[in-house]
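Input: a single structure, listed below in structure tokens.
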Amino acid sequence: MAGIDSKDIKKIIVACDAGMGSSVMLASQLRKQLKDTGVSVEHTPVNSIPDDADVVLCHAGLAARARASAPGKVLVSFQIFLGDPAVTRLVSTIKNGGTVDA
């Protein structure tokens, strides 16, 4: 999948190795940042990404596993859990419109 228009994003999944810890913190932060957009944010283990995810957000080290678990989904990978430019761009694109690229 090449990308998704921001208006078509209804659900973001924050995927991590076990579905706890740092992904919970990032998902909570994103929920606050996106609370007025109608986008839901959930966290799951990388091997259990739900079919209704529109965008999957995961650490770069887990990107290959996320692609295998959720083929065809837009995948945004990041290097650091808090303050990563990829996450900032995702939030900005959802709020201001545009396309989120895989």
Check your understanding: Nearest heavy-atom pair of Ser77 and Ala60: which atoms, and what distance?
Key -> CB-CA, 3.9 Å

**Study point:** Those residues that, when tested against Ser40, pass side-chain contact (heavy atoms from CB on, under 4.5 Å) (two or more places apart)
**Key:** Lys11

Practice item. Using the test side-chain contact (heavy atoms from CB on, under 4.5 Å), find all partners of Ala68 that sit at least two apart in sequence or belong to another chain. Key: none

Revision key, fill the gap. The side-chain contact (heavy atoms from CB on, under 4.5 Å) partners of Ala53 (sequence neighbours excluded) come to Ile13, Ile49, Val56

Would you tabulate the side-chain donor-acceptor contacts of residues 27-34 under 3.5 Å, counting partners in other chains and residues two or more places apart, or write 'none'?
| unit_1 | atom_1 | unit_2 | atom_2 | d |
| --- | --- | --- | --- | --- |
| Arg31 | NE | Val41 | O | 2.9 |
| Arg31 | NH2 | Val41 | O | 3.1 |

Check your understanding: What is the ring orientation for His59 with Phe81, classed by angle as parallel under 30°, tilted 30 to 60°, or perpendicular over 60°?
Key -> parallel

Check your understanding: Which heavy-atom pair separates Ala66 from Cys58 by the least distance, and what is that distance?
Key -> CB-SG, 3.8 Å

Exercise for review: Answer yes or no: is there a side-chain heavy-atom contact under 4.5 Å between Ile4 and Val55?
Suggested key: yes

Practice item. Compare all side-chain heavy atoms of Leu82 with those of Ile80 and state whether any distance is below 4.5 angstrom. Key: no

Point to revise | For Arg65, side-chain hydrogen bond (donor to acceptor under 3.5 Å, both in side chains) partners two or more places apart | key: Asp17

Which side-chain N or O atoms in residues 86-93 pair as donor and acceptor under 3.5 Å with protein atoms at least two apart or in another chain?
| unit_1 | atom_1 | unit_2 | atom_2 | d |
| --- | --- | --- | --- | --- |
| Thr88 | OG1 | Asp84 | O | 3.2 |
| Ser92 | OG | Asn96 | ND2 | 3.2 |
| Thr93 | OG1 | Arg89 | O | 2.9 |

**Study point:** Asp5: partners by salt bridge (charged side-chain N to carboxylate O under 4.0 Å, His left out), with sequence neighbours left out
**Key:** Lys7

